[in-house]
*Asks:* 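Take a look at the following structure, please.
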Protein chains: 2
Amino acid sequence: MCGQCNYRSLLQAGGLEPTLNRLRVLEVIGSNSSPLSAHDILATVNRTAGINRVTVYRILGLLVSKGLVERLSGGGRSLVYGLAPNEHHPAHPHFHCRSCGALQCLQPGSLKVDLRGIERSFAGEIQGVEVRVDGICRNCLKRA
Amino acid sequence: MCGQCNYRSLLQAGGLEPTLNRLRVLEVIGSNSSPLSAHDILATVNRTAGINRVTVYRILGLLVSKGLVERLSGGGRSLVYGLAPNEHHPAHPHFHCRSCGALQCLQPGSLKVDLRGIERSFAGEIQGVEVRVDGICRNCLKRA
DNA sequence: TGACAAATGCAACTATGTTGCATAATGTCA
DNA sequence: TGACATTATGCAACATAGTTGCATTTGTCA
């Protein structure tokens, strides 16, 4: 997702000590082209260094609460994590393949959501919008 | 959600025997003003008749696979179920309160999603779009 | 160094959903 | 109606995702 992010500074900007584990988790999330599940993040970090499952969950919770990472529904039962939108990464929808479960990022402008109507009429504070497109991806279509 | 639906006919149109349990589950979903979790559906049906947890999950799976019910991410860890869009119920976004977890339906037209861009450029089959607005609901704002 | 706080690990737990198999209910046909 | 097949349901056990409590380790600063 990003070559422009300095993860250490990101953590510090969020008021978090840039520990090795936090850096590793954030790097895994930031360098992947689509959001990852906690399970995948754990597996990836574990390939190069040992880390505990619980530690991963706790770091993810911290990163989300500090606004560095966004937690999305992956379309299935588990939640997925991606870099939160910022100046380098505009918010964008995701596509979820119902056949293979894969998740991919769609172009930020590819799907227009008009929030104005809702902001006018809705009595509450809007903090974010998640748009997920479900269907069958190209690979699975070919395979069928 | 609906006073116009004949649940028995809906089930039969989906090729499902209209058993008592299926009718009860579908009625609970259809008569609630917002999508419900499997847990809530089980609890509601159990207030008037006994039904097993597994049976509820199996019925929900059937209803979703036949297109009578849609399965959405509730914003938290569990999935929620609502009547699938049809001529009486246009598709609509949902609001999820991050404070109390409540889910509510938003007006169908309140949030415009432009699918055309994506349909042109995306190499895959699009089956549905889920839009969820996250934030803090009116009640929780007042309480804070 | 010693004391304190923050981060991590481990085990156990909760919540949500699924599977295998037995039983009960329902439909079909002679 | 009775026998059989099919379908729906229930129960127990399992699987997966995430959380909590508490002990240990690591880092920071006087």
Side-chain angles (χ1 to χ4, degrees), chain A residues 7-8 11-12 14-29 35-46 48-66 68-82 96 98 101 103, chain B residues 7-8 10-12 14-29 35-46 48-66 68-81 96 98 101 103:
Chain A
Y7 299 119
R8 186 177 294 270
L11 284 171
Q12 283 164 337
L16 295 175
E17 283 297 312
T19 68
L20 257 185
N21 281 337
R22 289 175 185 168
L23 276 168
R24 286 180 183 131
V25 168
L26 192 52
E27 277 169 13
V28 166
I29 293 173
L36 291 168
S37 66
H39 178 273
D40 291 343
I41 293 167
L42 172 65
T44 306
V45 173
N46 262 337
T48 57
I51 190 172
N52 188 273
R53 207 167 62 92
V54 177
T55 302
V56 170
Y57 279 113
R58 282 200 272 235
I59 290 174
L60 290 172
L62 270 177
L63 297 178
V64 169
S65 74
K66 298 302 182 183
L68 306 184
V69 160
E70 66 176 351
R71 176 189 267 137
L72 302 168
S73 88
R77 202 140 59 77
S78 76
L79 302 170
V80 293
Y81 299 84
H96 168 242
R98 284 177 173 161
L103 209 61
Chain B
Y7 299 119
R8 185 176 296 270
L10 267 181
L11 284 171
Q12 282 164 338
L16 296 174
E17 284 297 311
T19 67
L20 256 186
N21 281 337
R22 290 174 184 169
L23 276 168
R24 285 178 183 133
V25 167
L26 192 52
E27 277 169 13
V28 166
I29 294 173
L36 291 168
S37 66
H39 179 273
D40 291 344
I41 293 166
L42 173 64
T44 306
V45 174
N46 262 336
T48 56
I51 191 173
N52 188 273
R53 209 168 61 93
V54 177
T55 303
V56 170
Y57 279 112
R58 283 202 272 236
I59 289 174
L60 290 172
L62 269 177
L63 297 178
V64 169
S65 74
K66 298 301 182 185
L68 306 184
V69 160
E70 65 176 351
R71 176 188 265 138
L72 303 168
S73 87
R77 203 140 53 78
S78 75
L79 302 171
V80 294
Y81 299 83
H96 168 243
R98 284 177 173 161
L103 209 60

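Order of the sequence lines fixes the chain letters, A, B, ..., with proteins taken first and strands second; residue numbering starts at 1 for each chain.
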*Asks:* Examine distances only and state if a side-chain atom of A:Arg22 and a backbone atom of A:Glu17 form a donor-acceptor pair shorter than 3.5 Å.
*Replies:*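 Flag set: sc A:Arg22 to bb A:Glu17 pair under 3.5 Å.
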*Asks:* B:Tyr57 has an atom OH; how far is it from atom P of C:dT19, in whole Å?
*Replies:*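 Those two atoms, OH and P, are 13 Å apart.
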*Asks:* Round to a whole Å and report the spacing from CG of A:Leu16 to P of C:dA7.
*Replies:* 7 Å
*Asks:* Please assess A:Val56 against A:Val45 for the test side chain to side chain contact (heavy atoms under 4.5 Å, CB included), listing each intermediate value before the final yes or no.
*Replies:* CA-CA 9 Å; A:Val56 170; A:Val45 173; 5.7 Å; no
*Asks:* Supply the atom-to-atom distance A:Thr19 OG1 to A:Leu11 CG, rounded to the nearest 0.5 angstrom.
*Replies:*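 These two atoms lie 7.5 Å from each other.
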*Asks:* Quick one: B:Asn21 CG to C:dA24 P, roughly how many Å, whole number?
*Replies:*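 Distance check: B:Asn21 CG to C:dA24 P gives 16 Å.
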*Asks:* May I have the distance from A:Leu36 (atom CG) to D:dA17 (atom C1'), rounded to whole angstrom?
*Replies:* 16 Å
*Asks:* Taking atom C1' of D:dC11 as reference, at what distance in whole Å does atom CD1 of B:Ile51 sit?
*Replies:*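 Between C1' of D:dC11 and CD1 of B:Ile51: 14 Å.
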*Asks:* Closer than 4.0 Å, any side-chain N/O of A:Thr19 to the OP1 or OP2 of C:dA7?
*Replies:* no
*Asks:* For B:Arg53 and A:Arg77, find the nucleotide of DNA chain D closest to each by heavy atoms; which residue's nucleotide sits nearer the 5' end?
*Replies:*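 The answer here is B:Arg53.
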*Asks:* Is there a donor-acceptor pair closer than 3.5 Å between any side-chain N or O of B:Asn46 and the backbone N or O of B:Ile51?
*Replies:*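 A pair under 3.5 Å: yes.
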*Asks:* If you round to the nearest 0.5 Å, how far is CG of B:Leu60 from CG of B:Leu79?
*Replies:* 10.0 Å
*Asks:* What heavy-atom pair brings A:Tyr81 and A:Ile29 nearest, and what distance separates the two atoms?
*Replies:*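 Taking A:Tyr81 first and A:Ile29 second, the nearest heavy atoms are O-CG2, 3.9 Å.
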*Asks:* Spell out protein contact along nucleotides 21-30 of chain D as letters: B when the base is contacted, S when just the sugar-phosphate is, - when no protein heavy atom is under 4.0 Å; keep the 5' to 3' order.
*Replies:* B---------
*Asks:* Which atom names give the shortest non-hydrogen contact between B:Leu72 and B:Pro35, and what distance separates them?
*Replies:*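 Closest approach of B:Leu72 to B:Pro35: CD1-CG, 4.1 Å.
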*Asks:* Please report, rounded to the nearest Å, how far the C1' atom of C:dT18 is from the CG atom of B:Leu62.
*Replies:* 14 Å
*Asks:* Between B:His39 and A:Arg22, name the one whose nearest nucleotide on DNA chain C is closer to the 5' end.
*Replies:* A:Arg22
*Asks:* Rounded to whole angstrom units, what separation is found between the CD1 atom of B:Ile59 and the C1' atom of C:dG17?
*Replies:* 15 Å
*Asks:* Round to a whole Å and report the spacing from CG of B:Leu23 to P of C:dT26.
*Replies:* 13 Å
